[in-house]
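Just follow the structure's listing: the first ligand is 1, and inside any ligand the first atom is 1.
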Amino acid sequence: MNSIEGGSEGRFWHRLPDGRIQCDLCPRFCKLQENQRGLCFVRVRRDDRIVLTIYGRSSGFCVDPIEKKPLNHFLPGTPVLSFGTAGCNLTCRFCQNWDISKAREFDRLTDQASPEAIAQAAIDSGCRSVAFTYNDPVVFVEYAIDVAQACRAAGLKTVAVSAGYMCEAPREEFYRHIDAANIDLKGFTEGFYKQLCTGSLGPVLDTLEYLNHETRVWLEITTLLIPGENDSLAEIEALSAWILDHLGPAVPLHFTAFHPDWKMLDRGPTPAATPKAARRVARGLGLRHVYTGNIYDESTQSTYCHVCNSRLIGRDWYDITSWTLNGNACCKNCGTPCAGVFDGQPGNRGRRRRPLLVTPGGAGL
Ligand code: SF4
């Protein structure tokens, strides 16, 4: 990455005949005059090129359980070093991380960290992986790729938590360096994406199909259920049927509960009954691993064998309470393989969450 004053040189753009520069990183295709910022705010045209203004800076680091991403079939029970930067390329009115994604004041980005320092901090804190999360790695993709490369060189896995709103070329390059992803499928109508996120559904579905069919990235999907917006059983059925038809039955799906936030304060939180009902619909159609999130319910947050229905991984919030997989990730009762990335026994991270200061040499407290 070429460092330049106020950031690092960004990629994925081209010049238009009218003199503007078009960013080709996400389907917004922002067309920029000199000193103009893209909608994500962290990419700016400066000195006739695109600059990523937040390269090497983070809004903070935390050691989380991997289940918090959420990933239930990727190295269960292990700790992951999570971090984010600032900015986002969607404008979701219900954003649950708006203080980071909508940040306009970069003094939030107090932690400076090179890719190598992040990898070292992950090792020092006992993590198996590093996650790009809190805000969407699409907008800081050059930094994320450099961090991912440093992590893999250090023997760590890499995780992306994203809305999947990304163009084809950068998507291909980014996910070459990623081991697991949780992609938000925020709703299942173009109207939802247009009215609440000023985006569109099609590119997100393209990303899901790309990851599932053309990469080795372990994929899970999250849908935040918002009362009155995307929680009708008809929409949940359509979303689940699309996953079944286009991705197959083994991709885990998480239905999580909304709480009022950012610009959507006009309604209450999602009742616990809604994600449970959604789970019943999705499982009834044939999806094998469907979970509820942001509510307390051990039975719908545990993993079951899709053949004999044995409880394979019991979960109490983020704690692993039982483990009925053999060393080959097969059901101990009937021998059926469980889809995912498993490593013998589960980790014992538990539900604890620990903020971390990353120093030039690695982790500090
Ligand atoms: S990544 Fe940012 S600058 Fe580029 S097109 Fe998307 S919103 Fe615009």
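- Seen from the ring of Phe41, Arg37 counts as a face-on cation partner, given the 6.0 Å and 45° thresholds.
- Which parts of ligand 1 touch Gly38 is read off a 4.0 Å heavy-atom cut-off, strictly below it: atoms 3 (S).
- A side-chain donor-acceptor contact under 3.5 Å links Asn135 and Thr85.
- For atom 8 (Fe) of ligand 1, the closest non-hydrogen atom on the protein side is Cys30 SG, 2.3 Å.
- The shortest contact between atom 6 (Fe) of ligand 1 and any protein heavy atom is with Cys26 SG, 2.4 Å.
- Scanning all protein heavy atoms for the shortest distance to atom 2 (Fe) of ligand 1 gives Cys40 SG, 2.4 Å.
- In this structure, a donor-acceptor pair under 3.5 Å is absent between the side chains of Ser8 and Glu142.
- Side-chain N/O atoms of Gln301 and Asp297 include no donor and acceptor closer than 3.5 Å.
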Q: Check the pair Arg216, Asp179 against salt bridge (charged side-chain N to carboxylate O under 4.0 Å, His left out), reporting the backbone distance first and the verdict last.
A: CA-CA 7 Å; Arg216 295 171 63 87; Asp179 295 298; over 6 Å; no

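- For Cys23, every N, O or S atom stays at 2.8 Å or more from atom 8 (Fe) of ligand 1.
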